[in-house]
Each structure stands twice: as C-alpha cells, then as structure tokens.
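Data first, discussion second: the structure below is written as structure tokens.
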Number of protein chains: 2
Amino acid sequence: MSLLDTLCINTIRMLSADAVQAARSGHPGMPMGAASMAYVLWTRFLKHNPANPRWTDRDRFVLSAGHGSMLLYSLLHLTGYDLPIGELRSFRQWGAKTAGHPEYGLVPGVEVTTGPLGQGLAHAVGMAMAERFLAARFNRPGHEVVGHHTYVLVGDGDLMEGLSHEAASLAGHLRLGKLICLFDDNRITIEGPTALATSDDPRRRFEAYGWQVLEVDGNDLGAVSVAIEGAKAQEETPTLIAARTHIGHGSPNKQDKASSHGAPLGDEELRLTKEALGWPPEPTFHVPEEVSRHMREAMERGEAWEREWQARLTAYTRSFPAESALFTRWQAGELPAGWEVSLLATNDGGEASATRSVSGRAIQVLADQLGNLVGGSADLGPSNNTAIKDAGAFVPGRVEGPNVHFGVREHAMAAAVNGMALHGGLRPYGGTFLVFSDYMRPSLRLAAMMGTPSIFVFTHDSIGVGEDGPTHQPIEHIAALRAIPGLTVIRPADARETLEAWQVAIARGKPTALVLTRQKLPALSRVRMPAEGAVAQGAYVLTETSASGDDRAADGHPRLVLIGTGSEVQVCLQAQKRLEGKGIATRVVSMPSWELFEEQPASYQRSVLPPGSVRLAVEAASPFGWERYTGRSDAIVGMERFGASAPADVLFEKFGFTAENVTARAMDLLTP
Amino acid sequence: MSLLDTLCINTIRMLSADAVQAARSGHPGMPMGAASMAYVLWTRFLKHNPANPRWTDRDRFVLSAGHGSMLLYSLLHLTGYDLPIGELRSFRQWGAKTAGHPEYGLVPGVEVTTGPLGQGLAHAVGMAMAERFLAARFNRPGHEVVGHHTYVLVGDGDLMEGLSHEAASLAGHLRLGKLICLFDDNRITIEGPTALATSDDPRRRFEAYGWQVLEVDGNDLGAVSVAIEGAKAQEETPTLIAARTHIGHGSPNKQDKASSHGAPLGDEELRLTKEALGWPPEPTFHVPEEVSRHMREAMERGEAWEREWQARLTAYTRSFPAESALFTRWQAGELPAGWEVSLLATNDGGEASATRSVSGRAIQVLADQLGNLVGGSADLGPSNNTAIKDAGAFVPGRVEGPNVHFGVREHAMAAAVNGMALHGGLRPYGGTFLVFSDYMRPSLRLAAMMGTPSIFVFTHDSIGVGEDGPTHQPIEHIAALRAIPGLTVIRPADARETLEAWQVAIARGKPTALVLTRQKLPALSRVRMPAEGAVAQGAYVLTETSASGDDRAADGHPRLVLIGTGSEVQVCLQAQKRLEGKGIATRVVSMPSWELFEEQPASYQRSVLPPGSVRLAVEAASPFGWERYTGRSDAIVGMERFGASAPADVLFEKFGFTAENVTARAMDLLTP
C-alpha cells in the first residue's frame with residue numbers, strides 16, 4: 001500500500017469518525033472498516049462522473065449498509081460531487097443533505113435510499129436487471145450504449161435479512177453477471193460478534209444461488225483489486241466478494257467491537273485513533289492536499305468516460321437513428337403521443353369484468369404503446385393478469401422479452417421494481433395478491449419515500465377472494481397502504497376506472513398501488529360523470545336520485561351520500577335504488593383514491609361531499625380511517641374482523657355487503 | 001409398497017381431489033403429490049394422540065404449504081381426530097372447519113394457521129425452540145418429560161420466501177436437532193416449472209445453514225422412512241429431507257403440471273385419475289374399510305404414547321414435585337400469585353425515563369416472577385432493552401438461559417415468537433425498532449388471527465428516533481398496526497403506563513404490540529386517575545382545568561379535550577397550561593390503546609370523550625384514523641410526511657409537537 005493510498009483511506013476513516021463525533025450520533029465503525037475496499041473500488045474501478053451524477057451509463061454504487069452513510073458522503077465529497085465539506089460538518093443536522101442514512105434525491109450520487117437492511121442489495125438487483133433489459137434492447141454488434149456494472153456494499157445485517165435470500169436467489173437465477181456485491185465481513189453486529197446469532201457459511205450459501213464467491217482480506221488493496229477484476233471477468237454470474245474487515249479499524253480500544261458500530265468513538269478514543277493512525281488531532285475534517293488532488297482525479301476520469309460514451313452514442317445514432325431517439329426518450333421518461341387514447345379505447349364498454357382482467361388488458365396496450373413496460377408477478381401471473389402476452393421473459397442470462405418471473409419473492413420483487421425505476425429507462429411493475437403486500441412493505445415504504453415510478457398490481461382485493469379464506473383475504477391492507485405517505489392507492493370500481501387508474505399511474509410517475517378484484521364487476525353507467533379523468537380526481541359523483549324536502553342538503557342535492565370503492569360501488573348503487581323505492585334521495589360517490597381526492601381543491605371536495613351531508617362509506621375492508629369522510633364511526637360498512645373460507649357471494653352476504661344491509665344502515669343514519 | 005400402503009395413500013389423494021372437486025375450489029396437486037411421504041410420517045413416526053390433540057409432548061406437525069390443506073384434513077380424519085367426513089365434504093364452505101387453508105383453533109390437530117408462504121416453517125422453528133427451552137428447564141437425568149420432534153412440510157414456494165432464509169438460518173445456528181423439514185420438491189409453481197424462477201441448489205443452501213440434507217424419492221416409502229430415521233438420528237442439527245415428488249400424482253393429464261396446483265382437476269380428469277389409480281369412480285369421499293382400520297391404529301398408538309408419557313411424568317413428579325408442579329402450571333398458562341404487584345412496584349416514581357428503559361425493567365421483573373419469559377431482539381437488544389440480565393442465552397445446541405439472539409431477522413423472530421406461544425409452556429416476546437414492524441407484518445397478522453399470546457416490543461416509536469432519519473422513523477406504523485384486527489397496540493406515556501402495558505400484555509394473553517420511546521419522558525402526575533388499571537381501559541382522563549361559561553360542555557367539564565398518546569401526552573399537558581393562561585379550560589386524556597378503549601362500555605367511553613366536546617389529538621405519527629375520536633381531520637396534530645434526520649428535539653419543534661402549536665391549533669378549533 002502506497003503512502004498516498006494510506007493517506008486517502010485514513011482521510012475517509014477520519015472524516016467519518018469526525019462527522020459522527022461532531023453529530024454526537026452515527027455509525028463510525030463501518031466506514032472505518034470498509035474504507036480500504038471502498039477506496040479501491042472508487043479509485044480503480046467505479047465508472048462514474050462526479051460532474052454528472054445522472055449520466056445514464058455510469059456504474060451504480062449502492063451502500064446497502066446505509067448506516068455507514070459517512071463512508072459514502074466522504075467518497076462523494078472527495079471525488080468531487082456537489083457535497084461540500086460544510087455538509088459533512090453538519091452531518092445529521094436539520095436541513096443538511098447528509099442525513100443519518102443516505103437519502104435518494106437529497107445528495108447527488110446517492111442512487112437509492114438505504115438503511116433498512118437488505119434493501120440496498122435488492123434494489124441493486126433491480127438496477128442490474130434494468131441494465132440488462134436496456135442492453136438487450138439497444139446494444140448492437142459493435143455498438144454498446146448500455147454497459148455498466150452495479151456495485152453494492154452489504155454488511156452481515158443485510159445478509160441475515162430474508163430479503164437478501166430473495167434478491168440473491170433472483171440475481172443468481174437471472175445470471176446478472178454485472179452485479180458485484182462487496183460483503184463487509186467484519187463479524188460484528190449490534191449485540192456483539194455475529195457468531196452470537198448466525199453460523200451461516202456465505203460461500204456455500206451464495207454458491208447455492210449460482211454466484212461466484214471470492215474471499216479476500218478487505219485491507220489488502222491488491223487483493224481487493226484482483227477480486228473486483230475477477231468479478232468483472234465473470235460475466236455469467238453475479239459475484240460476492242467476501243472481504244474480511246475490521247469494524248472501527250484503527251481505534252485502539254473499539255476496533256472489532258460492537259461499541260464502534262452505532263455510537264461516536266468519543267473524544268478521547270477519537271484522539272487515540274488519530275494518534276494510532278498517525279493523523280493530526282486537529283483540525284477535524286482534515287483533508288490533506290495530496291488526498292484531495294488524488295481523489296479528485298475521479299473528475300477527469302469521469303469526464304473522459306462520459307466523453308468516450310458520448311462518442312459511442314453519436315456513432316450509434318448515426319447507425320441506428322430511430323433506436324437512439326427511442327433510447328433518449330426512454331431515458332428521459334417521455335411518453336409516446338396517443339398512449340392514453342389507446343389505453344382508454346381498450347374499454348369494451350359494458351361487459352362485466354374483473355378489474356384484474358381489465359388491468360391485464362391495460363398492460364398489453366401499455367406494453368405496446370410504451371415499449372419499456374417490464375414486470376411480472378411473484379408467481380401469481382395467471383391470477384394477477386400481469387403477463388405481457390406474446391412476449392418473452394428475462395430468462396437466465398438472457399433477455400428474451402419484458403416479462404419477469406419474480407418467483408415467490410414478493411419483497412425482492414418490490415425492491416427490484418424500485419431498483420429498475422431508479423435506474424431509469426424502464427416503466428416497471430410487479431404484481432401479487434393484495435394480502436401479500438404485507439411481505440413487501442419495507443420496499444413499498446422506500447418507493448414512497450423516494451417517489452419512484454413503481455407500479456404495484458394488487459389483485460384479489462377483499463373477501464371476494466372467497467374460498468381461500470382469511471389468510472388470503474386482505475382486511476387491513478388497504479388502510480395500511482393508504483397510511484403510507486406518498487403512496488397513491490387506487491381501487492377502481494369497473495373497467496373504465498381500471499383503465500384510468502393505469503393512466504394515472506403511468507402519467508403521474510409516482511409510486512402507485514392498484515387494488516383490483518378477483519371477481520367480475522358490472523360496468524358503471526356514467527350519466528353524470530365527466531367523459532374522462534374521474535379517477536384522477538380521486539372521487540366523483542357517479543349518480544344521484546332527485547331530492548326534495550328533508551332529503552335535500554343546503555345545495556339542493558340529496559342529503560344522503562353513499563361512498564363506495566371498487567366492488568362496493570355497485571352495492572351502493574343497488575342500495576340507492578332501494579332507498580329511492582322508499583322515497584329517499586341518495587347520491588352515490590365512487591371514490592377510487594383518497595390520495596388523489598386529497599389533492600383536489602377544497603371546492604371540488606365540497607362539491608362531491610357537501611358539508612352537512614350524511615355519508616355512509618361501504619368498503620369490504622377494515623373501516624379504519626373512513627371516519628375522515630363519514631365523520632362518524634357508525635357510518636361505515638366494513639370488515640371489523642378477519643374473513644372466512646366460503647364462496648365469495650356467501651361472504652359478501654354474511655358480512656353485510658348487500659343492498660339490504662346498506663339500505664338499513666343508511667336509514668339508521670337518517671333517523672335522528 | 002404393500003397393497004394396503006397404496007390403498008391408504010390413494011385414499012388421501014382421492015379424498016383431497018374429491019373435496020376440491022366438490023368445492024369447485026382448492027389445491028389438489030400438492031396433497032396428491034405429497035401423500036406418500038406424509039403417510040409414512042404419520043403412520044410410522046409422528047408421535048401424536050388423535051384423542052388428545054393438546055397432549056403437551058406430542059410431536060408437532062406443521063403444513064407450511066398450507067394450500068395443501070386437504071392433505072392435512074385427510075390425515076386428521078383418517079387417523080381419528082374429531083373431523084368427521086362431513087367436514088371434508090363441506091371443504092371451503094361457510095361454517096365448515098375445513099377452511100381453504102388450515103386454521104389454528106378451528107380444527108383439532110392444526111398446530112398453526114398456514115397458507116402465507118414461509119410462515120409454517122418459521123413458526124415450526126419457534127415450536128422447536130420452545131421444546132428445547134422446556135427440555136432444558138425440566139428434564140433431568142433419567143427423566144425426559146419434554147422430548148418431541150417438530151415436523152414441517154414445505155413446498156418450493158416456502159423456500160423461495162425470504163422468511164425461509166431467516167428461519168432456516170436461525171434453526172441451523174441454534175442447532176435444532178429435533179426439527180425435521182420435509183421438502184415437497186415437486187418442481188412446479190403456479191407460473192410453471194420452478195426453473196422459470198429459481199436455480200437454487202437446496203442442498204448447498206441448507207448445508208450453508210448447518211443443516212443435514214437428505215435427498216429421497218418421495219414415493220419410495222422405504223427411502224422416506226430411512227430418511228426420517230436419519231433425521232431423528234442426527235440430533236445435532238436440523239434436517240432437510242428433499243423428497244422428489246410429482247404434483248397431481250396419478251392424474252393422467254395434469255401430473256407434473258401447474259394446472260393441478262390451484263384448481264379442481266375437473267370431473268373428467270378426476271374420473272381418469274381414479275381410473276388410473278384403480279379407484280372406484282363412485283362414491284366420492286370413498287374410504288376403504290381396511291384403510292380406515294389401518295389409519296385409525298394411530299389412536300391406539302397415540303393412547304399408548306401418552307400413557308407411557310404420563311407414567312414418566314408420574315415418576316418425575318415423585319422425584320421432582322416442585323418442578324413438576326411448575327411444569328404443569330406453565331403448560332396451563334397459569335401466572336404466579338403476586339406477579340402484578342411486583343411488576344407495578346418497579347415504578348421508581350418520578351424520575352424521567354424512556355419507556356423502552358422501563359420496559360427493560362419490566363422484563364427483568366417478569367422474568368423473575370414468571371420464570372418462563374423468553375425472548376430477545378432482532379439484533380437491537382441494547383436499544384430495545386430486551387435482554388434478561390444476569391441470565392444466559394439459547395446458544396448453538398444448548399439452552400443456557402432465556403435470552404434469544406434472533407439476529408437481524410425480524411420476520412423470523414415474530415414467527416418464532418408465535419411458534420413458541422403456540423407450543424405452550426412459555427411466554428415469548430421479541431423486540432425491534434417500530435419502523436421494522438413492517439418486516440414482520442405477515443407474522444404479526446397470523447398472531448392476530450390465531451390470538452397467540454405473543455408480545456412485540458417496538459421501541460424508537462416516532463421522530464424521537466432523531467438523527468437516524470426518515471428510514472428509521474416510524475410514521476404510518478402505529479396506524480398500520482392498529483388496523484390489524486385482533487392486535488392490541490399500546491403506546492404508554494410514562495413509566496407507570498409502561499408497567500401497566502406489560503401487565504395487560506401478560507394478563508390478557510393476546511397478541512400485543514408495545515410501542516415505546518427512545519427518549520426520556522417525565523412521569524405523569526396522577527391526581528385524577530384511578531390507582532391502577534388506567535391502561536387497561538385504553539384511555540382515561542389524566543387531568544383537567546376547571547371550566548366555566550363557554551368552556552363547559554353539557555356535563556360541566558371542559559369542552560376542549562386534548563388526546564395524547566405516548567410522548568405527546570406531555571405536550572398536551574404543556575398546552576393545557578398555556579390554554580389555562582388564556583382562560584381556556586382543557587381536559588387531557590391519555591389514550592395508550594385504542595383497542596382497549598373500544599372494549600369499554602359506551603358509558604365509560606362517553607365519560608372520557610363526552611359527546612359534543614371539541615377534541616384535538618396529538619400523536620407524532622400519521623394522523624390516519626384519528627378522525628374516529630376527533631370527528632374531523634383538521635383536529636389532529638400528526639405527521640403528514642416522512643420525518644427527517646436531525647436531533648429529536650429539533651424535529652418535535654419543526655414538526656409542531658410543541659405546546660405552542662398545540663395551543664394554537666386548539667384555539668383554532670374553538671373559533672367558530
């Protein structure tokens with residue numbers, strides 16, 4: 001190791017330790033331990049351009065062990081990203097970009113928000129998949145416009161998470177040869193040595209997944225280099241480089257101890273550490289001039305790399321102008337003209353359809369129109385209607401088409417969908433039963449936090465699941481999804497609403513959960529509704545009977561409002577008829593999306609749900625949260641318990657999702 | 001294979017196929033394929049007593065591939081459990097015990113509700129852990145009162161789930177030698193051959209976890225026998241028996257095809273299958289007399305087994321009367337006299353404490369008092385305060401004490417806690433950060449569905465997490481937990497409430513989530529509150545200022561009610577003072593648990609939250625659902641967005657959890 005190498009590595013270590021000390025909070029041990037291997041990766045291999053963090057053909061680097069955020073911030077700062085030293089000084093403070101865990105969108109060069117363990121690895125798998133999809137679509141003999149690696153740095157915590165199994169197994173199956181995982185094998189967790197809790201053999205485990213596994217001393221720069229070269233040379237499988245490191249490296253009393261994991265070293269131990277590393281105790285945040293110069297060579301390399309790639313793109317454009325234009329449009333996230341018209345024209349107008357089936361039709365049209373729609377299901381394709389027909393799949397080592405067989409891996413699917421979305425160039429989606437959204441919540445949360453254009457297709461959305469019973473019938477899931485800030489949940493009531501739901505999901509480009517029925521639903525009559533865009537408004541007046549006298553609210557419309565979503569809108573319509581028979585005027589509101597409704601102007605909201613109206617919500621799900629719109633908890637027809645195993649129509653009847661029960665409940669509400 | 005064996009196995013197959021056909025719904029393929037190995041296990045090995053499904057020393061059998069429920073129902077029926085043929089005939093119908101997926105509590109002999117994949121395996125790990133805990137505690141040389149195996153049947157879907165990694169890794173680490181997993185390796189998933197989605201090598205994978213792996217032809221009864229014997233002989237590690245089987249075994253056109261997985265064979269194919277197997281086409285649900293006789297020998301064997309065990313218990317009782325009495329009390333779930341007094345006496349009365357710290361003290365006292373409290377954390381012990389002090393842990397192959405290092409395996413922890421609770425004899429708990437409750441929701445849901453006495457300790461319950469930032473700050477989690485039917489969520493506001501929360505969790509014996517702070521909270525003054533039991537009522541009046549004139553509600557009490565939970569109760573109290581300074585009378589209600597409050601009589605609920613009162617809820621979490629108690633959505637001080645990385649006090653200030661903001665919001669509400 002040259003003196004300069006040592007200086008650079010110690011700079012990373014001490015910037016990290018200083019920042020944690022200044023913040024009196026954070027994780028110094030991991031950056032100190034992994035600094036050497038990260039230094040090798042970033043100075044000798046990582047193809048990136050600090051001046052243009054969004055360059056499409058950059059290598060991706062994901063810090064799955066996100067608690068080691070200072071490692072990444074140090075590298076970003078030193079290699080010339082727009083992250084001044086002042087940001088490092090204000091690590092973990094209000095308004096700083098240097099959040100406790102790396103946040104996508106806050107810091108240039110952070111590819112994905114990490115911290116919740118396992119997530120970075122699984123998102124990286126998605127990124128590596130996206131690279132393969134795009135390479136297969138655009139590269140031509142002699143023309144490689146897509147060709148980059150995805151590097152992910154994981155800790156033992158990442159590898160203990162179940163998600164790591166799903167992600168690594170999927171990556172091994174697909175033979176993602178450009179995915180390279182560096183395992184910071186420091187053998188220390190929060191509770192102590194990893195041996196307290198795990199006896200796994202990572203080599204055998206990852207070989208079982210079809211990975212190449214290399215083992216190195218993480219502080220031997222030459223060995224790390226050789227390993228990364230070996231990983232790049234093995235293009236047929238992903239590679240795990242298990243690098244033996246020492247948490248808190250350099251700290252005389254805390255190296256190799258859990259005490260260096262999640263708390264500042266302390267002033268005295270930090271002083272001793274600097275002494276041990278031959279580092280000046282003052283000033284803090286010290287960056288030697290030669291380190292700065294050396295690390296910033298990344299900028300020149302990066303510029304050259306991108307220039308070289310631009311030249312390749314130019315040559316490609318000459319040979320394949322149409323392809324090149326398409327590549328650029330995909331990367332920019334542009335949608336082709338007329339896609340919405342084609343989508344909405346898919347409505348067959350009138351036939352009863354399960355909304356999952358309509359969603360399946362929407363996927364076909366969108367796959368044709370957009371070209372870059374990719375996705376699949378966690379082994380429920382035939383039920384979720386997620387397959388793109390007459391098209392191939394991503395099979396081991398080869399992209400034959402846009403379909404993905406995610407396997408029974410809901411969590412990795414969600415993360416991979418996010419990872420593909422983050423990579424850019426694709427419009428990814430993933431499907432499963434709504435009840436299994438529980439398996440993927442940590443990744444759904446990250447989608448919401450990052451605002452990725454991820455689309456989740458959740459079918460079998462209620463007791464309409466029927467005979468499979470309570471384990472497969474979602475009850476609390478719609479509420480639990482609505483509770484996630486930033487996630488748009490849409491539960492369409494018929495074919496038309498389903499197509500519009502897809503339209504909204506694609507057009508907004510934000511994380512969206514589509515909640516779809518197993519069972520067929522009749523097409524709603526749209527006497528009053530706008531020609532289109534109803535779903536985009538979140539809720540709208542579907543129909544109302546004419547009111548007079550006591551039935552009238554202040555605005556002259558019916559005082560009674562029945563609010564339904566999805567399959568229960570039709571129950572509201574049936575109840576409306578019964579109520580009309582009893583001389584009671586009713587408005588029926590279809591409310592496919594709370595989030596979209598909340599975005600509307602207050603005046604629109606009032607026009608749909610007039611102040612002073614008496615409202616009854618009907619949704620075959622937990623009533624949790626519906627008081628927001630009904631004002632009272634006895635004005636919700638919902639599921640207060642888990643479901644049961646029986647034919648769906650029996651269940652709707654037994655649990656009160658009938659015109660009769662809704663009518664009775666409405667009349668109770670009107671009785672003072 | 002003898003003719004009788006063949007007859008028995010075909011009976012299981014055809015009962016399953018007939019039931020699915022009758023229901024026009026279900027999964028015939030798995031029972032048909034796994035019938036042989038299940039038959040071997042149930043007739044040659046499984047130590048159980050159909051007449052007493054709750055016999056404590058029975059072997060546990062868990063059907064992790066719960067969609068194959070008819071396999072289990074057939075076995076239960078044939079071996080003499082209280083499950084008459086009529087129940088099989090009404091498979092998947094309203095009111096039948098034979099739900100689509102096996103439901104704990106509904107059918108004698110179903111040890112755990114399964115269906116969501118991976119769960120059965122992980123719950124079985126908990127059961128096997130419980131057996132080891134109890135064996136270590138009670139067995140004496142020459143006296144084995146606890147000594148049984150846990151068998152779990154898994155499919156490829158179970159093994160693809162991330163949860164299977166966590167569970168198998170934990171089981172391998174702990175060296176659960178009495179855990180035997182039969183892998184129904186039929187190579188077919190819903191989307192087609194497993195090769196579409198996975199290339200895992202199960203042998204290498206499970207060997208990496210430290211398991212013994214045996215491979216057999218699942219239809220070779222002798223080979224399956226030898227494998228199970230080999231599994232029992234290997235007492236140092238768990239065993240995976242990978243049994244090659246054929247889904248839809250016997251069906252001429254659907255064997256080895258995905259089409260036999262999740263749909264009836266169809267009348268014609270069922271007829272052809274019966275023909276191929278030499279089975280009479282009619283009557284359906286045919287059980288040959290000799291099959292019935294042979295399978296019911298399980299009853300005699302079971303009675304003998306239990307009798308033999310009773311004799312052992314009697315001998316044990318003679319030698320170790322106190323231990324035996326304790327064993328019996330633990331099995332019965334009886335609590336020792338005075339445990340509550342000791343628990344509540346732990347209150348140090350007055351000092352500010354983080355509720356997680358108080359919970360840690362509660363755990364010490366309860367460990368001493370109960371003796372059978374076991375648990376730990378998913379590698380956050382020092383933060384969750386979950387370790388039982390001065391006590392050993394479950395280390396590889398040996399129980400040295402009640403602590404469990406679950407590792408970074410939140411999901412398996414939750415399932416194992418449930419599994420231990422289901423096993424009986426123990427009071428298990430598991431802890432992690434509240435934000436990571438997302439990783440374990442599928443198991444939390446099963447706890448709620450089964451009503452197991454599982455206790456989940458969720459600390460770091462809000463933006464009070466501080467610098468770790470939005471990835472670690474729960475926002476939607478409290479709402480998402482409250483939305484689960486049957487789960488009791490308690491967020492105590494100070495030391496006293498925390499102790500009472502533990503009291504409630506232990507006394508009720510139902511699944512409970514304790515939501516605890518990272519930061520210190522002052523002890524609340526309890527001028528008005530009852531001496532004890534406040535938490536048990538879910539919400540109670542903590543204090544109120546005197547009201548007059550406009551400030552008075554109809555009952556003479558203050559019209560304005562501030563409702564707080566956890567750390568925000570103190571904010572309400574501070575606001576109350578400010579409001580008093582402005583001449584506005586206020587009641588402050590502490591509301592640690594919605595679920596417990598909802599169980600109270602309406603009169604009590606009205607006395608706490610009087611009709612017509614103006615209410616403002618304050619909780620540093622998503623406002624989702626609070627309209628239930630405030631009636632309006634502008635009357636909640638909550639978190640409408642994800643948090644941020646900064647010191648906790650800064651975050652509470654920036655996000656409006658201050659006396660000033662609460663006061664202002666309250667005054668807005670009072671302004672007409």
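Reminder, nothing fancy here: chain letters follow the sequence lines and each chain counts from 1.
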Quick test of your reading of the model: are Arg203(A) and Asp201(A) salt-bridged, counting only N-O distances below 4.0 Å?
no
Could you have a look at Ile484(A), Leu481(A), Thr114(A) and say which one has the most heavy-atom pairs with chain B under 4.5 angstrom?
Ile484(A)
Which bit of Thr113(B) comes within less than 4.5 Å of chain A, counting heavy atoms only: side chain, backbone, both or neither?
side chain
Is there a donor-acceptor pair under 3.5 Å between the side chain of Ser164(B) and the backbone N or O of Gly118(B)?
no
Cut-off 4.5 Å, heavy atoms of chain A, and the answer for Arg24(B) is neither
Can you tell which part of Tyr209(A) gets under 4.5 Å to a heavy atom of chain B, answering side chain, backbone, both or neither?
both
Does the plane of the ring in Phe433(A) sit parallel, tilted or perpendicular to the ring in Phe436(A)? Use 30° and 60° as the thresholds.
parallel
For Arg175(A), is it the side chain, the backbone, both, or neither that has a heavy atom closer than 4.5 Å to a heavy atom of chain B?
neither
Answer yes or no: is there a donor N or O on one side and an acceptor on the other, between the side chain of Asp468(B) and the main chain of Val465(B), under 3.5 Å?
no
If one checks every heavy atom of Pro102(B) against chain A at 4.5 Å, the contacting part turns out to be neither
Does any heavy atom of chain A fall under 4.5 Å from the side chain of Glu103(B), the backbone, both, or neither of them?
side chain
Side chain, backbone, both or neither: which part of His101(B) has a non-hydrogen atom closer than 4.5 Å to chain A?
both
Taking the side chain from Arg205(B) and the backbone from Leu159(B), do they hold a donor-acceptor pair closer than 3.5 Å?
yes
Look at the aromatic rings of Phe624(A) and Trp594(B) and report parallel, tilted or perpendicular, splitting at 30° and 60°.
parallel
Rounding to 0.5 Å, atoms CD (Glu191(A)) and CG (Asp379(B)) come to a distance of 5.0 Å
Identify which part of Ala195(A) has an atom lying under 4.5 Å from any heavy atom of chain B, answering side chain, backbone, both or neither.
backbone
At a heavy-atom separation under 4.5 Å, does Ser25(B) approach chain A through its side chain, its backbone, both, or neither?
side chain
At a heavy-atom separation under 4.5 Å, does Glu653(A) approach chain B through its side chain, its backbone, both, or neither?
neither
Structural part of His67(A) lying under 4.5 Å from a heavy atom of chain B:
neither
If I measure from the heavy atoms of chain A, does Thr198(B) come under 4.5 Å with its side chain, its backbone, both, or neither?
both
